[in-house]
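Below is one structure, written out as structure tokens; comments come after it.
Atoms considered below: every heavy atom in the structure, side chains included; atoms not considered: hydrogens, waters and symmetry mates.
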Amino acid sequence: MANFFCHILLSGSLGLLAFPAYAKYTEIFSSHQIDLSFNVNQPVLIADLLPQAGAELVVVGVDDKQQRILAIYFFDTQSNTFIQQDKIKIADNVFAYDVGEPQQNGLQRLYLLDKATVHRYVPAHLSHKSAWVQAESVSSMYLGDKAGSFREMDFIQDINNDGLDDIILPHFEQLNLWLSDCCGARHAQNLPIAARIEMNQSSVSYDDQELYFQDMDLDGKTDLVTVEQGQLSVFAQNENRQFSLTPIKIKIDKSIYAVDWWEMKDLNGQEMDQSDIQHRVVREIDDFNGDGLPDIAVQFTKSSGVLDKTIDFEFFYGALNEGQLTYSEQASTSVTSEETLSNLTFLDRDMDGKQEVSVSSFDIGISQIVGAFLSGSIDQDVLIFSMDENDQFGKKPLVSQEVEITFSLSSGTQGQPLVKMIDINGDAVKDIVYSDGEDLIRALLATPDQKKPYAKRSLRQKISMPTNPYNAATEDLNGDGKTDLVLHHGRADSSELLKRVLVLMAN
């Protein structure tokens, strides 16, 4: 439980939403249940791996013999059920899995990573069984012969926008790339981007740097960007789809850093003094206001003590100065509150190119923490802000709602409701879908042709939900233009439910 509150105090990374509703029951979703032979221990991954219509489910877990399993399921329209396409035992030396971008045929590829090799999955076809083939010999920081965990990791990307899967892996003193060409070969390149090193009293740890991919020199090609204090380092993509070894430096405000304040240490190796913190850290680089120029989103933390902390979000819009991208030392707009903000999330609600933002707002204090211990819950608000015609975020949110997060002191588990902004009726505007307790799901539909952004009353449907459904996967599984949901159960649920996946297909 102490770790739960430490997490709130450090990052405030909880973001949930709830709404009142007065509607009768409605069949918002068609519910499908997949019963497995192993416990699911990670969020389900949705990818279009097979030639039949629709996307597939990649389900990862562990069986009763502690064997790691990866299974692939597809939706069969004739039987109206999900069918297992493949079930694969994962070797102990495999660290991670990932899927690539859609290829020319629209299909994605599934990959595994071990110490020395990236393997690609080849689905079964006619009389040929499925197989793993070597995609590339690689080197990285992941050097162990036995992986302590198996998880999804973003090591496959189309880095240079040629429609082909590339490989990107951090090493201790450099970043390793394997860039694909049109003939199917990959060309290795090393960039001078070293891993972050942290030295403790009796150990040394390495962590990869945060990477951003944007067209920073405005030549129509995506560049690779890293953040340092007060500047961006831009590794520009050249005509050969390789990246420059010498970065272009773009100045930003000197108070902006690449890492959070609790990851920083002073010259004596001591952690920062929480009695006096004024720290800005980059959260995202993207075009937020739709003008074609990359912008920077920054989290600004001010503190005069552990329980006296405020967090705002600032946005620095890119501008052209004599043909060069520049950023002002002053924020172009911001999202603020009298309470502490966290969990910055971006979404384009109505597909107009301008990003809305969702943030969580909560009050940290002795009374709130004591009340949480006594009640087994903590309250916070979710606020959604939109830009005006001048690209400014308003002082008042588009939506503001209160939510209650529950937790168990005896088991150490917590319950975070499902909250997703997705289009469930195919009108190209995102609706709000959320769980209410353990047996109810609600949907607040967007109203694009009315003055108010959402309907007054929500739709509701009785569905038995996982205790902790916040990390549900969302995608259009059957190609009908409506977004579906895939949920799995966790350790806060009963043990017999751990072998079950719940798929909610939008009606």
Write down the atom of Phe38, the atom of Val60, and the distance for their closest heavy-atom approach.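 Smallest heavy-atom distance, with atoms named: CE1-C, 4.0 Å.
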
To check you understand the geometry: which heavy-atom pair defines the closest contact between Leu49 and Pro123, and what is its length?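 Nearest pair, atom of Leu49 first, then Pro123: O-CG, 4.0 Å.
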
Once salt bridge (Lys or Arg N to Asp or Glu O under 4.0 Å) is applied, do any residues pair with Lys354, and if so which ones, sequence neighbours excluded?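 Result, salt bridge (Lys or Arg N to Asp or Glu O under 4.0 Å) vs Lys354: Asp391.
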
With salt bridge (Lys or Arg N to Asp or Glu O under 4.0 Å) as the rule and sequence neighbours excluded, what pairs involving [range] come up?
range            : answer
residues 152-165 : none
residues 470-482 : none
residues 62-80   : Asp64-Lys499
residues 32-47   : Asp35-Arg500

Restricting to side chain to side chain donor-acceptor pair (under 3.5 Å), what partner residues turn up for [X], sequence neighbours left out?
X      : result
Asp427 : none
Ser137 : Gln134
Ser37  : Lys87
Asp145 : Lys115

Taking only residues two or more places apart in sequence, or in another chain, which ones meet Asp348 in a side chain to side chain contact (heavy atoms under 4.5 Å, CB included)?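 Side chain to side chain contact (heavy atoms under 4.5 Å, CB included) list for Asp348, sorted by chain: Asp350, Asp352, Gln355, Glu356.
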
Which distance, rounded to the nearest 0.5 Å, do you find between the CG of Leu498 and the CG of Asn39?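 Going from CG on Leu498 over to CG on Asn39, the span is 4.5 Å.
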
After noting the C-alpha distance and the side-chain angles of Trp178 and Leu169, does the key distance pass the side-chain contact (heavy atoms from CB on, under 4.5 Å) rule? CA-CA 9 Å; Trp178 290 266; Leu169 289 168; 4.0 Å; yes

Quick test of your reading: applying ring-ring contact (aromatic ring centres under 6.0 Å, His included), list the pairs with at least one residue in residues 481-507, sequence neighbours left out, ordered by first then second residue.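 Of all non-adjacent pairs touching residues 481-507, none passes ring-ring contact (aromatic ring centres under 6.0 Å, His included).
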
Side-chain (Thr447) to main-chain (Lys452) donor-acceptor, under 3.5 angstrom: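 Looks like yes, one N/O pair under 3.5 Å.
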
When you measure from the side chain of Asn160 to the backbone of Arg241, do you find a donor-acceptor pair of N or O atoms at a distance under 3.5 Å?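 Confirmed, Asn160 side chain pairs with Arg241 backbone.
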
Would you call Asp431 and Arg442 a salt bridge, using N to O less than 4.0 angstrom?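 No, this pair does not count.
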
State which residue, out of [options], fulfils the side-chain contact (heavy atoms from CB on, under 4.5 Å) condition with [X].
X      : options                        : value
Leu70  : Leu110, Val94, Leu45           : Leu110
Ile168 : Leu177, Ile156, Asp208, Leu191 : Leu177
Val259 : Glu210, Glu198, Arg196         : Arg196

I want to check a possible cation-pi pair here: Arg460 against Tyr25, using under 6.0 Å from ring centre and within 45° of the ring axis as the test.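 Flagged: Arg460 positioned over aromatic ring of Tyr25.
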
Face-on cation placement of Arg283 at Phe346 ring, 6.0 Å and 45° thresholds: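 Cation-pi check for Arg283 and Phe346: fails.
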
Asn468 side chain reached by Arg491 side chain, heavy atoms, under 4.5 Å: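 No. Closest side-chain heavy atoms not under 4.5 Å.
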
For Phe155, check ring pair (Phe, Tyr, Trp, His ring centres under 6.0 Å) against everything at least two apart and list the hits.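 Partners of Phe155 by the ring pair (Phe, Tyr, Trp, His ring centres under 6.0 Å) criterion come out as none, since no residue qualifies.
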
